[in-house]
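Data first, discussion second: the structure below is written as C-alpha cells.
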Amino acid sequence: MGELTDKVAIVLGVGVDENIGSGIANRFAEEGARVVVAGRGREGVERAALRCGGTGIVCDITSGDELSDLVRRTVALHGRIDIAVNAVGLNQVKNSLEITADEIAAIVDVQFVGAFLFFQKMTTAMIGGGGSILQISSVTARAMAQDHALYMGTKAGADTLMRSFAFDFGPRGVRVNSIAPGGTLDAPMARAIMHDPAAVAEIERRVPLRRVGTIADIAEAAVWLAGDKCFVSGEVIQVNGGAAIQRLR
C-alpha cells in the first residue's frame, strides 16, 4: 500500500459502470493518490468520483479546449499533475469493406487525434516536474482479430505516438507507456462476449496463462507503471496472459 502516496493522478475515460478507467482510479486511490476522474458523461464522472473519493470533471478527449481545462482545474486544485491515464476507447467491429467515412472519422478522432491531444496537454503540464503518462491500448494492436481493422489501426497508431512522446520528452522527466489488455472479463466493452460461456472458454483455451484478464489485472500494472520505482518508458506492456503471442478469434 502507499505506492502512489500524495501523487496527483488524472484518469480520463471513466463510466457509469465500473470500467477499466474507473478500476484504475479506484486502485490509485487505494495506493494514496489524489485522483481526478474525467469523461464525457456527467453521471458516469460523478459516480466514478464517488467510488474513488476523488474529484470529477467532465471532459471530451477530442476537444483540446476541454483537455486544457482539465489540466488547469487539476493544477488549481492540487498544484501539479504526476500521473495521467487515457482509458478512453471506442470500439468498431465491422467488415472493412462496409465501414463508412463517418465511422472512420469518429474512431480516428477518439483513438488517434484524441490520444495525440491527451499526450500533448499532459506532457506540457509535466515538463519541469516529471511524471508518468499511460494509455490503454489493446492486444489487437499487435495480434490480428477479424473485422477489427479500424480499431486495431488506431490503437497501433496511438502506440506509435506513445513511443514518440516517450522519446522526445524522456530527457525532461516524462515517462510514457501503454497497457495492452486482451479480452477483459468485467469490462463493459467486452460484456457481450463475456456473457457467452463458449466464448469465455475459447479465450481461456487460447490464452497461454489459461484465464481471462480482469480490470484488477490492468489496474495493478497501471500502479506499477505510474510509480517512482518503475524504470520503463516507451513500451507497450501486454497485460493479457500472453494473448499477444496467439492468433485471435
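As the structure is a computational prediction, the values presented were derived from the model and not from experiment.
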Qualifying residue, where the test is side-chain contact (heavy atoms from CB on, under 4.5 Å) with R73 and the options are D69, V71, V75, L70
D69
Between D82 (side chain) and V8 (backbone), is there a donor-acceptor pair under 3.5 Å?
yes
Is there a side-chain contact between F165 and I133, using heavy atoms and a 4.5 Å cut-off?
no
Salt bridge (charged side-chain N to carboxylate O under 4.0 Å, His left out), that's the test. Do K229 and E3 meet it? Break it down for me.
CA-CA 9 Å; K229 296 177 182 178; E3 289 294 321; 3.5 Å; yes
Student check: side-chain heavy atoms of L12 and C59 closer than 4.5 Å
yes
Crowded around D228 CG? As in, over 12 foreign heavy atoms under 6.0 Å?
no
Between Q111 (side chain) and L90 (backbone), is there a donor-acceptor pair under 3.5 Å?
yes
Are any of the side-chain nitrogens in D6 or R80 under 4.0 Å away from the carboxylate oxygens of its partner?
yes
Looking at E31 and K7, is any side-chain nitrogen of the basic one under 4.0 Å from a carboxylate oxygen of the acidic one?
no
Below 4.0 angstrom, N of the basic side chain to O of the carboxylate: do K155 and D159 qualify?
no
Shared hydrophobic cluster, L50 / V37 (ILVMFWY, side-chain heavy atoms < 4.5 Å)
no
Check: N26 side chain, G23 main-chain N or O, donor-acceptor pair, under 3.5 Å:
no
Q120 side, atom CD; L67 side, atom CG - distance, nearest 0.5 Å
9.5 Å
Looking at R34, I want to see if its CZ is surrounded by more than 12 non-hydrogen atoms of other residues, nucleotides or ligands under 6.0 Å.
yes
Check whether any side-chain heavy atom of I107 sits under 4.5 Å from a side-chain heavy atom of F112, and report yes or no.
no
So do the side chains of S178 and I237 get within less than 4.5 Å of each other, counting heavy atoms only?
no
Contact between S138 and Y151 at the side-chain level, heavy atoms closer than 4.5 Å - yes or no?
yes
Test item: E98 side-chain N/O and N95 main-chain N/O as donor-acceptor pair under 3.5 Å:
no
Could you verify whether a donor N or O on one side chain and an acceptor N or O on the other, from N19 and S22, lie under 3.5 Å apart?
yes
I'd like to know if the side chain of S233 and the backbone of V176 have a donor-acceptor N/O pair within less than 3.5 Å.
yes
Is there a path of hydrophobic side-chain contacts, each under 4.5 Å between heavy atoms of I, L, V, M, F, W or Y residues, that connects V232 with L4?
yes
What I'd like to find out is whether the side chain of I61 reaches to under 4.5 Å of the side chain of L117, using heavy atoms alone.
no
Which value, rounded to the nearest 0.5 Å, describes the distance between I20 atom CD1 and I215 atom CD1?
6.0 Å
Salt-bridged, R51 to E18, with N to O below 4.0 Å?
yes
Assess the residue pair D60 and T62 against the criterion (side-chain hydrogen bond (donor to acceptor under 3.5 Å, both in side chains)); give the C-alpha distance rounded to whole Å, side-chain angles, the decisive distance to 0.1 Å, and a yes or no.
CA-CA 5 Å; D60 184 338; T62 66; 2.9 Å; yes
So, taking the atom named NZ in K121 and the one named CZ in F116, what distance separates them when rounded to the nearest 0.5 Å?
10.5 Å
Looking just at side-chain N and O atoms, do D65 and S68 make a donor-acceptor pair shorter than 3.5 Å?
no
Taking the side chain as everything from C-beta on, heavy atoms only, tell me whether V85 gets closer than 4.5 Å to Q135.
no
When the ring centroid of F119 is compared with that of F169, is the distance short of 6.0 Å?
no
Check for a donor-acceptor pair, side chain of R175 on one end and backbone N or O of L225 on the other, with a separation under 3.5 Å.
yes
Let me check something: do I104 and V88 share a hydrophobic cluster, defined by ILVMFWY side-chain heavy atoms less than 4.5 Å apart, either directly or through other members?
yes
Here the gap from I81 atom CD1 to T124 atom OG1, rounded to the nearest 0.5 Å, amounts to 10.0 Å
What's the shortest heavy-atom distance between A180 and Q238, and which atoms?
CB-OE1, 3.5 Å
Applying a strict under-4.5 Å side-chain criterion to I, L, V, M, F, W and Y, I'd like to know whether I10 and I127 cluster together.
yes
Working to the nearest 0.5 Å, report the span between CG of L134 and CG of N177.
6.5 Å
Are I136 and W224 grouped together when hydrophobic residues (ILVMFWY) are joined by side-chain heavy atoms under 4.5 angstrom apart?
yes
Considering only heavy atoms from C-beta outward, does the side chain of R40 approach that of V58 to under 4.5 Å?
no
With rounding to the nearest 0.5 Å, note down the distance linking CD in Q92 to NE2 in H148.
9.5 Å
